[in-house]
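In what follows, a single structure is set out as structure tokens and then discussed.
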Amino acid sequence: MKLVVMKFGGTSVEDASAIRRTADIVAGRVAHGLQPVVIVSAMARVTDQLLNAAAAAGRGDKSSALAASVALRARHHQAASELIPAGELAPISAFIDEHFDALDELLRGLAAVGEVTPRTTDIVASYGERLSSRIVTAAFLACGIAASHLDARDCIITDAQHMKAIPQDELIAERLREHVLPLAQAGRVAVLGGFIGSTPEGVTTTLGRGGSDFSAALVGGGLHAESIEIWTDVNGIMTTDPRICPDALRVRTISFDEASELAYFGAKVLHPATILPAVEKNIPVLVLNSRDAQNEGTRITALAPHCRSPFKSIAAKKRLTIIDIVANRMLMAHGYLKAVFEVFDRHKCPVDMVSTSEVSVSLTVDSNERLPEIAADLRKFADVKYEGRKALICMVGENIRGQNGIAAQVFGALRHINLRMISQGASEINMSFMIEEDDVEEAIRSLHSVFFADPDPSIFDLEARAEAQAAGGKR
Ligand code: ADP
Ligand code: ASP
Ligand code: MG
């Protein structure tokens, strides 16, 4: 059995026509003798709307919370009624209504108490994937695919860190063998919602925003799949976010290390935790476009093939804060850095980038509501200043090492931009620097035009650029 895990993001299930395209793609894999296991996100923007509804309820604004739920209920019914023949619609309609009735009851409760906790937030957020996975299963059946719906919470077992739960790999592998494997062996396509899980006691959790990619990798890893396919709305991993730079090129092949570095430093196309379960089992990951299923996408593999261009891609992470810590007494005495990092550790605040001089340490963190407490603790032994609205630009490529003059080219491209901190990571495959958030778009476009003017055609898809230029020329 050639098992392939196929994950479809929000835009690939956003409405009836997207779900039909998804069904065609899955049917194509089945026709080629593969055995898909399908993971779906919530329909596009649904998670945002659910989280907004939870927040409104927490503020006591019951009417906004319920209004959001009314709109979502209608959208799910609409998709279901367009996809499923009238004679088979009743059980799906009942499923949708039961779920929205329960959601409304929860939102009323939260509004009455005027409080949401991470635990209740997870319950509200989970409805998106619980509903989309059920509707997609019914749509697959209507298209003649032998599909079975599974509640992902029976398989993806996590700890109780709500909104960013940590998966428990062994329990997951056991549950997958129990619930998913028998379906696959019987030739049925199991359909599960991504993003959601539960504790061993059955309390609903989520894996963090964008977590359906992570679910796919967990299922692929747990079942030793042949490959994991991440279906999204772009042609693959691109040389930068195509929304910022329409000139971005598809990267044909990228290494696990490069892809995880990019994901960690902000390339939204993959969740940062996606790669690890695949790396551990050496399972190739493909990023593909559900709107252009013939496009060969990006293949993520253990080793990077030779590439003459220094960088593969440029990512940006916004909403960061720079903290400058100046020693007021000890002047970098022995144990000083340890004391600094202990403060971040105590507040469970991860640090992205660090630079030190004789008397000061500068570091960057995700903007975080605990900053005043962190600063207060640091001020016990240092002068502290912090400034938000910063962004990190991260340029990734296995080829940076050993190439002379790259830093000079980077600084040349960014002459007009104020660089705050610079680092070439210990991994030697990334070069990063901090800038003002407002400068991100400009910086990325400048860097892209310098470093992808003459890219290596064996690694980057230049045909799409040539076609676009030809089309532009004809207009
Ligand atoms: P999905 O809902 O399918 O998970 P996401 O919105 O999470 O999709 O991720 C896809 C988006 O990631 C793209 O539409 C694109 O704007 C953005 N993106 C950011 N960086 C990159 C990159 N380097 N390559 C491709 N897409 C990127
Ligand atoms: N629906 C979730 C989110 O929007 C998970 C995902 O789409 O990957 O964050
Ligand atoms: Mg995503």
Side-chain angles (χ1 to χ4, degrees), residues 6-27 29-30 36-50 53 66-107 123-156 179-180 183-184 186-198 204 206 212 215 219 231 290:
M6 306 176 74
K7 175 259 169 176
F8 292 89
T11 44
S12 306
V13 294
E14 67 185 342
D15 54 22
S17 48
I19 294 175
R20 262 188 224 111
R21 279 197 301 270
T22 291
D24 281 346
I25 293 169
V26 172
R29 290 289 184 267
V30 174
V37 173
V38 171
I39 312 288
V40 292
S41 289
M43 296 167 79
R45 300 175 302 284
V46 166
T47 309
D48 285 337
Q49 287 158 5
L50 288 167
L66 292 176
S69 171
V70 167
L72 285 169
R73 189 192 291 246
R75 181 169 164 204
H76 285 82
H77 275 302
Q78 174 73 28
S81 65
E82 284 178 40
L83 287 160
I84 299 150
E88 288 147 40
L89 193 58
I92 309 300
S93 300
F95 181 95
I96 295 172
D97 280 329
E98 273 160 30
H99 280 68
F100 278 102
D101 291 348
L103 174 64
D104 288 352
E105 200 175 321
L106 177 58
L107 291 172
I123 302 180
V124 173
S126 73
Y127 279 92
E129 272 74 6
R130 286 157 67 188
L131 288 153
S132 64
S133 56
R134 183 73 184 83
I135 294 171
V136 166
T137 311
F140 282 6
L141 287 165
C143 295
I145 301 170
S148 297
H149 181 240
L150 285 176
D151 189 331
R153 294 171 299 171
D154 293 333
C155 296
I156 304 297
H179 297 290
V180 179
L183 288 173
R188 297 196 71 83
V189 175
V191 182
L192 294 83
F195 179 56
I196 58 175
S198 84
T204 298
T206 64
S212 296
S215 307
V219 173
W231 289 87
S290 68

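The structure displayed is predicted, hence computed values, not measured ones.
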Check your understanding: Between OG of Ser133 and CG of Leu150, what distance do you get to the nearest 0.5 Å?
Key -> 9.0 Å
Practice item. Might you point out which heavy atoms bring Arg134 and Ile92 nearest each other, and give the distance in Å? Key: NH1-CD1, 3.3 Å
Review point. Are the side chain of Arg188 and the backbone of Ala147 linked by a donor-acceptor contact shorter than 3.5 Å?
Key: yes
Review point. What's the shortest heavy-atom distance between Ile39 and Gly193, and which atoms?
Key: CG2-C, 4.2 Å
Review point. Given Val13 and Ile135, is the side-chain contact (heavy atoms from CB on, under 4.5 Å) satisfied, shown in steps?
Key: CA-CA 10 Å; Val13 294; Ile135 294 171; over 6 Å; no
Check your understanding: Under 3.5 Å, side chain of Arg75 to main-chain N/O of Asp15, donor-acceptor pair present?
Key -> no
Practice item. For residues Phe140 and Thr22, determine if any side-chain heavy atom of one lies less than 4.5 Å from a side-chain heavy atom of the other. Key: yes
Check your understanding: Do Ser215 side-chain atoms and Phe195 backbone N/O form a donor-acceptor pair below 3.5 Å?
Key -> yes
Check your understanding: Are the side chain of His77 and the backbone N or O of Arg73 linked by a donor-acceptor pair below 3.5 Å?
Key -> no
Exercise for review: Mind checking the CG-CG spacing from Leu103 to Leu66? Nearest 0.5 Å is all I need.
Suggested key: 8.5 Å
Review point. Does Ser41 use its side chain to pair, donor to acceptor, with the backbone of Ser212 at less than 3.5 Å?
Key: no
Point to revise | Full working for side-chain contact (heavy atoms from CB on, under 4.5 Å) between Leu131 and Leu72 | key: CA-CA 10 Å; Leu131 288 153; Leu72 285 169; over 6 Å; no
Point to revise | Spatial distance of atom NZ (Lys7) from atom OG (Ser290) [nearest 0.5 Å] | key: 10.0 Å
Check your understanding: Taking all non-hydrogen atoms of both residues, which atom of Ala152 and which atom of Leu192 are closest, and how far apart?
Key -> CA-CD2, 4.0 Å
Check your understanding: When rounded to the nearest 0.5 angstrom, what is the spacing between OG in Ser93 and CD in Glu98?
Key -> 11.0 Å
**Study point:** Closest non-hydrogen atom pair, Ala23 against Ile145
**Key:** O-CD1, 3.4 Å
Review point. Do you know which two heavy atoms are closest between Ser126 and Thr204, and how far apart they sit?
Key: CB-CG2, 3.6 Å
Review point. Do Cys155 and Val180 touch side chain to side chain, with heavy atoms closer than 4.5 Å?
Key: yes
Exercise for review: Could you walk me through whether Ile156 and Val219 pass side-chain contact (heavy atoms from CB on, under 4.5 Å), step by step?
Suggested key: CA-CA 8 Å; Ile156 304 297; Val219 173; 4.1 Å; yes
Review point. Relative to the ring of His76, is the ring of Phe100 parallel (under 30°), tilted (30 to 60°) or perpendicular (over 60°)?
Key: tilted
Review point. Considering all heavy atoms of both residues, which atom of Val40 and which atom of Glu129 are nearest to each other, and what is their separation?
Key: O-CG, 3.5 Å
Revision key, fill the gap. Between the CG atom in Leu107 and the OH atom in Tyr127, the distance rounded to the nearest 0.5 Å is 8.5 Å
**Study point:** Side chain to side chain, Leu83 and Val136, heavy atoms closer than 4.5 Å
**Key:** no
Point to revise | Euclidean distance, Asp151 CG relative to His179 NE2, rounded to 0.5 Å | key: 9.5 Å
